> 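I'd like to ask you about the structure that follows.
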Amino acid sequence: AEILSVTYATIAINKLSEAKPAAADSVTSLLKRDYELPWLGANINFLLGLFGFATLLGLRAWFAFGSALGKIGMLVVASVLSHSLAVVNRGIAAGDGDGTLFANNFLGLIK
């Protein structure tokens, strides 16, 4: 997922350097108008990669320390993932402050 994130970011950078986009009211409106797919692809794949990495850390704790201590590790990772997802959802729901939204939450971005 992280490699896909870098690929989408590279596509967006190439588009920005090769083509001169028309003026926009805000960065969010420019992204939504001209670079929606690379922006969404980079952000979604980066976040999915981070969540996947954290999940693997929890599984590693489970297998390395057994079920007694592994449960604690998995619960810590689940807590961090839940809090991270809440922060991401709050940021997505806020949009650009002028009413331009890509989605209401992370699941809405994936759809």
Side-chain angles (χ1 to χ4, degrees):
E2 301 303 323
I3 292 175
L4 283 174
S5 178
V6 170
T7 303
Y8 277 115
T10 304
I11 290 169
I13 290 170
N14 288 341
K15 281 184 168 185
L16 279 170
S17 64
E18 293 168 358
K20 185 176 179 179
D25 296 335
S26 68
V27 174
T28 306
S29 62
L30 175 70
L31 288 172
K32 191 165 185 123
R33 186 187 68 208
D34 296 334
Y35 303 100
E36 185 170 8
L37 180 62
W39 184 86
L40 289 174
N43 281 295
I44 290 170
N45 283 297
F46 180 73
L47 290 170
L48 286 175
L50 285 179
F51 293 157
F53 179 70
T55 302
L56 289 175
L57 288 176
L59 288 173
R60 171 79 173 136
W62 181 278
F63 292 130
F65 301 116
S67 66
L69 290 175
K71 286 179 185 177
I72 296 169
M74 286 293 288
L75 289 173
V76 168
V77 168
S79 172
V80 169
L81 287 175
S82 297
H83 183 71
S84 298
L85 191 58
V87 170
V88 168
N89 283 337
R90 193 175 312 128
I92 292 169
D96 69 347
D98 292 330
T100 304
L101 296 173
F102 284 95
N104 291 323
N105 55 34
F106 186 67
L107 186 60
L109 284 180
I110 295 174
K111 290 181 182 179

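What you are looking at is a predicted structure, and each value in this text was computed from that prediction instead of being measured.
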> So L48 and F106, do their side chains get closer than 4.5 Å, heavy atoms only?
yes
> To the nearest 0.5 Å, what is the distance between CG on L57 and CZ on F53?
4.0 Å
> Which pairs of donor and acceptor atoms, one on a side chain in residues 64-88, lie under 3.5 Å apart (sequence neighbours left out)?
{"unit_1": "S82", "atom_1": "OG", "unit_2": "A78", "atom_2": "O", "d": "2.9"}
{"unit_1": "S84", "atom_1": "OG", "unit_2": "V80", "atom_2": "O", "d": "2.8"}

> Kindly say whether A22 contributes a backbone atom to a donor-acceptor pair with the side chain of R33 at under 3.5 angstrom?
yes
